[in-house]
Amino acid sequence: MSNNLLAGKVGIISGALNEESIAWKVALKAHAEGARFVLTNAPLAMRMGEINKLSEQCNAPIIPADATSMEDLEKLFSGAQEQLGGKIDFVLHSIGMSANIRKGKHYGELNYEWYQKTLDVSAMSLHRMLAVAEKQDAFNEWGSVVALSYIAAQRAFLDYTDMSQAKAMLESIARSYGQRLGKLKKVRVNTVSQSPTKTTAGTGISGFDAFYEYADRLSPLGNAPAEACADYCISLFSDLTRYVTMQNLMHDGGFSTTGISEEIVELITNNKA
């Protein structure tokens, strides 16, 4: 059911690879709530994914952009304003990549060139996007930026390796730029720390099934599905959350504040029996 929460708003949604992507679901929800937007992803990801299908469903133009390239991002923001007929109201940053994870490198044997690339793609890209938007004065007042994060920014998780530092940097950039853009344009910047989610990126992490099962058993509400995360993002793009900024917002069914659950106690007890 649509409530027209984003009627009249325009934006940029990055990172939609396929129907499993949170960004894909955000795009569908934004479209249903009355928003118009541009879709963007790296050229390689676009070749691997199905973004053209989403573009047709949402009547959304596509502007390819490598999020590590200032030139590409300048074209993205200027092109989006041209395509959408004005300044931007919302941006979704759903960008992350780790060659170390893809290659199965454990934390003690990271390739440092790949490590730098992880930070560049997964975190510094947010700074680049916001710096370009600031230089172009691309945001409307009371705009909203949401970047997707994970609790490994605060806690140690096996096999999440260098992405843990990338997410911590992402959240720090959101706070610092949130302060700056809040003063300049009343634009808010937040991160959403989502439950482990069965996306293409998520399931590529070694031990993901154990991550997922453990979080689901620990969380009082269970893992938050991607569709619910999309709803949360829409609420953050809407005028209902005008004074929420510089926050890392946990969207994890209560996982982050639960010490132990009955299910975990029973599992351990039964294994000892």
Side-chain angles (χ1 to χ4, degrees), residues 3 5-6 9 11-15 22-23 25-26 29-30 33 35 37 67 88-96 119 122-131 133-134 138-157 160 163-197 199 202 215 218-221 223-258:
N3 296 294
L5 287 176
L6 303 184
K9 293 189 182 296
I12 297 172
I13 295 177
S14 71
I22 292 174
K25 298 180 189 304
V26 171
K29 296 273 187 180
E33 292 294 342
F37 49 86
I88 303 301
D89 295 300
F90 64 88
V91 172
L92 177 72
H93 180 284
S94 180
I95 302 168
L119 299 177
S122 308
M124 288 176 63
S125 57
L126 177 62
H127 193 284
R128 284 193 179 89
M129 291 177 81
L130 299 182
E134 180 187 342
F139 281 117
N140 279 317
E141 286 199 347
W142 299 105
S144 176
V145 179
V146 174
L148 299 182
S149 190
Y150 184 54
I151 197 173
Q154 290 88 34
R155 298 185 188 177
F157 277 79
Y160 208 67
M163 279 298 294
S164 297
Q165 280 78 64
K167 293 301 187 184
M169 182 184 286
L170 182 79
E171 292 175 13
S172 179
I173 290 168
R175 287 188 292 273
S176 296
Y177 236 123
Q179 182 182 41
R180 182 173 179 81
L181 288 179
K183 283 289 187 181
L184 289 172
K185 295 284 293 189
K186 302 294 185 185
V187 170
R188 56 207 192 269
V189 185
N190 295 289
T191 53
V192 170
S193 190
Q194 165 68 359
S195 296
T197 308
T199 62
L218 187 64
S219 309
L221 299 179
N223 288 330
E227 291 82 2
C229 185
D231 286 336
Y232 198 28
C233 291
I234 296 303
S235 74
L236 292 169
F237 292 153
S238 79
D239 291 337
L240 297 178
T241 52
R242 275 192 165 196
Y243 289 91
V244 180
T245 194
M246 300 165 63
Q247 303 298 310
N248 179 52
L249 301 161
M250 311 307 295
H251 188 257
D252 61 5
F255 174 85
S256 53
T257 46
T258 302

Sidechain-backbone polar pair: [X] side chain, [Y] backbone, donor-acceptor under 3.5 Å:
| X | Y | answer |
| --- | --- | --- |
| Gln165 | Met163 | no |
| Gln194 | Ala224 | yes |
| Ser238 | Ser235 | yes |
| Ser219 | Gly254 | no |
| Ser14 | Leu92 | yes |

- Item | Side-chain touch Leu170/His93, heavy atoms, less than 4.5 angstrom |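 The answer is yes; the side chains approach within 4.5 Å.
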- Message: So, using side chain to side chain contact (heavy atoms under 4.5 Å, CB included) as the criterion, who are the partners of Thr258 when residues are at least two apart?
- Response: Leu218, Pro220
- Query: Mind checking what makes side chain to side chain contact (heavy atoms under 4.5 Å, CB included) contact with Ala138, not counting sequence neighbours?
  - Reply: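 Residues passing side chain to side chain contact (heavy atoms under 4.5 Å, CB included) with Ala138: Phe77, Gln81, Ala133, Gln136.
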Counting only pairs under 3.5 Å, give me each side-chain donor-acceptor contact of residues 142-149, with atom names and distances, residues two or more places apart or in other chains.
unit_1, atom_1, unit_2, atom_2, d
Ser144, OG, Leu236, O, 2.7
Ser149, OG, Glu171, OE2, 2.5

- Task: Could you name each residue pair satisfying salt bridge (Lys or Arg N to Asp or Glu O under 4.0 Å) that touches residues 182-196, not counting sequence neighbours?
- Result: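 Of all non-adjacent pairs touching residues 182-196, those that pass salt bridge (Lys or Arg N to Asp or Glu O under 4.0 Å) are Asp137-Lys185.
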- Task: Please collect all salt bridge (Lys or Arg N to Asp or Glu O under 4.0 Å) contacts where either partner lies in residues 228-238, sequence neighbours excluded, each pair once.
- Result: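 Those involving residues 228-238 are Lys29-Asp231.
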- Query: Parallel under 30°, tilted from 30 to 60°, perpendicular over 60°: which one fits the rings of Tyr160 and Tyr150?
  - Reply: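 Plane angle between 30° and 60°, so tilted.
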- Item | Interatomic spacing from OG in Ser256 to NE2 in His251 - rounded to 0.5 Å | 11.5 Å
- Task: Determine the minimum heavy-atom distance between Gln247 and Val244, stating which atoms define it.
- Result: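 Nearest heavy atoms, Gln247 then Val244: CG-CG1, 4.2 Å.
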- Which residues pass the side chain to side chain donor-acceptor pair (under 3.5 Å) test with Arg180, sequence neighbours left out?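 Partners of Arg180 under the side chain to side chain donor-acceptor pair (under 3.5 Å) test: Glu134.
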